[in-house]
Visitor: 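Let me begin by handing over the structure; questions about it come next.
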Amino acid sequence: HGSARILGVGGADGHPPWDQFKVWWNGQSAAEINALGMPDDFQFTSNDEKDAAGFYDISAYAYDAVVAAGLAACGAHSTAGPDPQAKLLTSHFIGLSGNMKLNEVGSRDANTANIIIQNILSDLPGSVPLQIILLGEFAAPQWEFSGPFTFSDGTQAAPKDLDVLN
């Protein structure tokens, strides 16, 4: 029996900058990461701790936010006033999280977001109690699906629409 989860993700496997970041992270020791200037409260005490911390797709958003702010400040030749904000709203670059572009109010342009749909399956014979399968990815302007969706009744047949009661 299945249900769906749709979510935005920062780092998407298959995007070369994100894949390169993952390789780089895995190749660094705790000491090398700490030497980059990590604050004392965020220092790793061992390689095991660094490996357990891992990296998360949220780090792609954080990295791209710093890059966007830096590009805006450099483009405006200032760090204050309306110029950096105007430059930020017109910035467009390829970052860890993909094609980075903001809309007129400063939110990420929906056509540059990484959105996935997962099919969450349970009670399937011969499987683990709960299984999460990546079913589709949004690649503007359309969804790309890797297989059929399993609905709550355990079939791939879409349920009938509900009648509207007045």
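Residue numbers start at 1 and run along the sequence shown. This structure is a prediction, so every number in the text was calculated from the model and none was measured.
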Visitor: Taking a hydrophobic cluster as the set of Ile, Leu, Val, Met, Phe, Trp and Tyr residues connected by side-chain heavy atoms closer than 4.5 Å, whether directly or through intermediates, do I117 and I120 fall within one such cluster?
Guide: no

Visitor: Compare every heavy atom of G10 with every heavy atom of A60, then report the nearest pair and how far apart it is.
Guide: CB-C, 3.7 Å

Visitor: With side chain to side chain donor-acceptor pair (under 3.5 Å) as the test, pick out the partner of S97 among N114, T112, D64.
Guide: D64

Visitor: Checking H92 against N99: is there a side-chain donor and acceptor pair closer than 3.5 Å?
Guide: yes

Visitor: For residues Y61 and R108, determine if any side-chain heavy atom of one lies less than 4.5 Å from a side-chain heavy atom of the other.
Guide: yes

Visitor: Of all the heavy-atom pairs spanning G27 and E32, show the shortest one and how long it is.
Guide: O-OE1, 3.9 Å

Visitor: Might you point out which heavy atoms bring S46 and A30 nearest each other, and give the distance in Å?
Guide: O-CB, 3.4 Å

Visitor: Once you round to the nearest 0.5 Å, how far does CZ of F149 lie from CG of N119?
Guide: 4.5 Å

Visitor: In terms of hydrophobic clustering (I, L, V, M, F, W, Y; side-chain heavy atoms under 4.5 Å; direct or indirect links), are V67 and L36 co-clustered?
Guide: yes

Visitor: Starting from I116, can I reach F145 by hopping between I/L/V/M/F/W/Y residues whose side chains sit under 4.5 Å apart?
Guide: no

Visitor: If you compare all heavy atoms of F138 against all heavy atoms of A110, which two are closest, and at what distance to 0.1 Å?
Guide: CE2-O, 3.9 Å

Visitor: Is there a path of hydrophobic side-chain contacts, each under 4.5 Å between heavy atoms, that joins V9 and L134?
Guide: yes

Visitor: Can you tell me how far the CG atom of L121 sits from the OG atom of S152, to the nearest 0.5 Å?
Guide: 11.5 Å

Visitor: Can you give me the closest heavy-atom contact between I94 and P17, atom names plus distance?
Guide: CG2-CG, 4.2 Å

Visitor: If you apply the rule side-chain contact (heavy atoms from CB on, under 4.5 Å), what do you find for L102 with D109, and how did you get there?
Guide: CA-CA 5 Å; L102 300 178; D109 182 310; over 6 Å; no

Visitor: As an exercise, state the distance from CD of E49 to CD of Q43, rounded to the nearest 0.5 Å.
Guide: 10.0 Å

Visitor: Could you report the tightest heavy-atom contact between L96 and W18, atom names first, then the distance?
Guide: O-CB, 3.5 Å

Visitor: W143 and F151: same hydrophobic cluster, using ILVMFWY side-chain contacts below 4.5 Å?
Guide: yes

Visitor: For the residue pair F21 and Y63, categorise the inter-ring angle as parallel (less than 30°), tilted (30 to 60°) or perpendicular (more than 60°).
Guide: tilted

Visitor: With rounding to the nearest 0.5 Å, note down the distance linking CG in N47 to OG in S29.
Guide: 5.5 Å

Visitor: Please name the residue in the list L7, L135, I133 that meets the side chain to side chain contact (heavy atoms under 4.5 Å, CB included) test with Q118.
Guide: L7

Visitor: I would like to know whether I132 and R5 meet side-chain contact (heavy atoms from CB on, under 4.5 Å); could you show each step before the answer?
Guide: CA-CA 9 Å; I132 299 176; R5 182 166 74 164; 4.3 Å; yes

Visitor: Can you check whether N34 reaches F42 side chain to side chain, under 4.5 Å on heavy atoms?
Guide: no

